[in-house]
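Side chains are part of it too, since the values below use all heavy atoms of this structure and drop only hydrogens, waters and symmetry mates.
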Amino acid sequence: MAQLIAPNVSFHMSWLEAAAEFAGARQDGAGADGWSVDDLKDAQVFGRFVDVLIKDALPETVRMPGYVPCTYLWIADGGTFLGSLAIRHELNDYLLNEGGHIGYSVRPSARRRGHAAKALADALPVARTVGIDRVLLTCDEDNAGSRATIEKNGGQYEDTRNGKRRYWIENA
């Protein structure tokens, strides 16, 4: 059964296999922006990537302008990496309008099996521990799978901004 785990170097090969399935498409919630998949094939670089993901949850971590503290989690089943999930501890203007508190992606070969819905359900208590009592989630207007995932977890549709549907989940 899939579960949320902290990023871990032991998933290196499985993470790379999943990245290949995305075929260059952005992986929401992965924290991989600015990291080349080719560079991440190196075990030492991958180790630094994992360290950066883990440290990003700390408020004192230096981050790029416009980025907020974020808890990164991986969706895994046994030794297989299935996807990524990011819990953004606060909202800036971009996240309020388009990104939301939680972003996630599931590797293409593992979709349509309920992994995203379970990961989101499992992430809500984690979000509560960092003080998020009302969780904003967004998805592309045409992403029926993500819409269903959010609605299954109690998401209440508010509006659409810049092609992104915005939902709130009460998490108190």
Please answer: with hydrophobic residues joined when any side-chain heavy atoms are less than 4.5 Å apart, are L40 and Y72 in the same cluster? yes
Quick one: list whatever passes side-chain hydrogen bond (donor to acceptor under 3.5 Å, both in side chains) with D122, sequence neighbours left out. K118
Give me the atom names and distance for the closest heavy-atom approach of R165 to R147. NE-NE, 3.4 Å
Give the C-alpha distance, both sets of side-chain angles, the deciding distance and a yes or no for side-chain contact (heavy atoms from CB on, under 4.5 Å) between L16 and V37. CA-CA 7 Å; L16 289 171; V37 173; 4.3 Å; yes
Between V106 and R112, is any pair of side-chain heavy atoms under 4.5 Å apart? no
Determine, step by step, whether D33 and R26 satisfy the side-chain contact (heavy atoms from CB on, under 4.5 Å) criterion, reporting the C-alpha distance in whole Å, the side-chain angles of both residues, the deciding distance to 0.1 Å, and the verdict. CA-CA 8 Å; D33 295 342; R26 186 173 186 281; 3.0 Å; yes
Would you compute the distance between atom CZ of R111 and atom CD of E21 and round it to the nearest 0.5 angstrom? 8.5 Å
So, are K41 and D38 salt-bridged, with charged N and O less than 4.0 Å apart? yes
Which donor-acceptor pairs under 3.5 Å do side chains of residues 129-139 form with protein atoms, sequence neighbours excluded?
from, atom 1, to, atom 2, distance (Å)
T129, OG1, V126, O, 2.6
R134, NE, E170, OE2, 3.0
T138, OG1, E98, O, 2.6
T138, OG1, G99, O, 3.4

Report yes or no: do S84 and Q27 form a side-chain donor-acceptor pair below 3.5 Å? no
Does D77 reach the main-chain N or O of M1 with its side chain, forming a donor-acceptor pair under 3.5 Å? yes
Test your reading of the model: is there a side-chain donor-acceptor pair from R88 to the backbone of A86, 3.5 Å cut-off? no
Got S14 and R107 here, is their nearest side-chain heavy-atom distance under 4.5 Å? yes
With side-chain contact (heavy atoms from CB on, under 4.5 Å) as the test, would you mind laying out the steps for N162 and Y94 before giving the verdict? CA-CA 11 Å; N162 301 318; Y94 169 76; over 6 Å; no
Qualifying ring pair (Phe, Tyr, Trp, His ring centres under 6.0 Å) pairs with a residue from residues 131-159, counting only residues at least two apart or across chains: Y157-Y167
Does some side-chain heavy atom of H101 sit less than 4.5 Å from a side-chain heavy atom of L91? yes
If you take all heavy atoms of A18 and F81, which pair is closest and at what distance? CB-CD2, 3.5 Å
Determine the minimum heavy-atom distance between L95 and E90, stating which atoms define it. CD1-O, 3.6 Å
Backbone of D28 reached by a side-chain donor or acceptor of S105 within 3.5 Å: yes
Donor-acceptor under 3.5 Å (H89 side chain, V68 main chain): no
Is the shortest side-chain heavy-atom distance between L85 and I102 below 4.5 Å? yes
Find out whether L4 and I75 are in side-chain contact, i.e. whether some heavy atom of one side chain is under 4.5 Å from a heavy atom of the other. yes
Same cluster or not: L53 versus L58, using hydrophobic residues (I, L, V, M, F, W, Y) connected whenever any side-chain heavy atoms lie under 4.5 Å apart? no
Looking only at heavy atoms, what is the nearest atom pair of V52 and W35, with distance? CG2-CZ2, 4.0 Å
Would you say Y67 and D56 make side-chain contact, with heavy atoms under 4.5 Å? no
Is there a path of hydrophobic side-chain contacts, each under 4.5 Å between heavy atoms of I, L, V, M, F, W or Y residues, that connects Y104 with I169? yes
Determine whether D159 and R166 make a side-chain contact, defined as any pair of heavy atoms from C-beta on separated by less than 4.5 Å. yes
Heavy-atom pair of closest approach, residues A57 and T71: CB-OG1, 3.6 Å
Going hydrophobic residue to hydrophobic residue with side-chain gaps under 4.5 angstrom, can you get from M13 over to V45? yes
For a 4.5 angstrom cut-off between non-hydrogen side-chain atoms, does P7 reach I54? yes
Is there a continuous path of hydrophobic side-chain contacts, each under 4.5 Å between heavy atoms, that joins L124 to W168? no
To the nearest 0.5 Å, how far apart are CG in L120 and CG in N153? 4.0 Å
Minimum-distance pair of heavy atoms, taken over all atoms of H115 and A110: CD2-O, 3.0 Å
About how many Å separate CZ of F11 and OG1 of T80, when rounded to the nearest 0.5 Å? 8.0 Å
Within this structure, what is the CG-CH2 distance for the pair N8 and W15, rounded to the nearest 0.5 Å? 14.0 Å
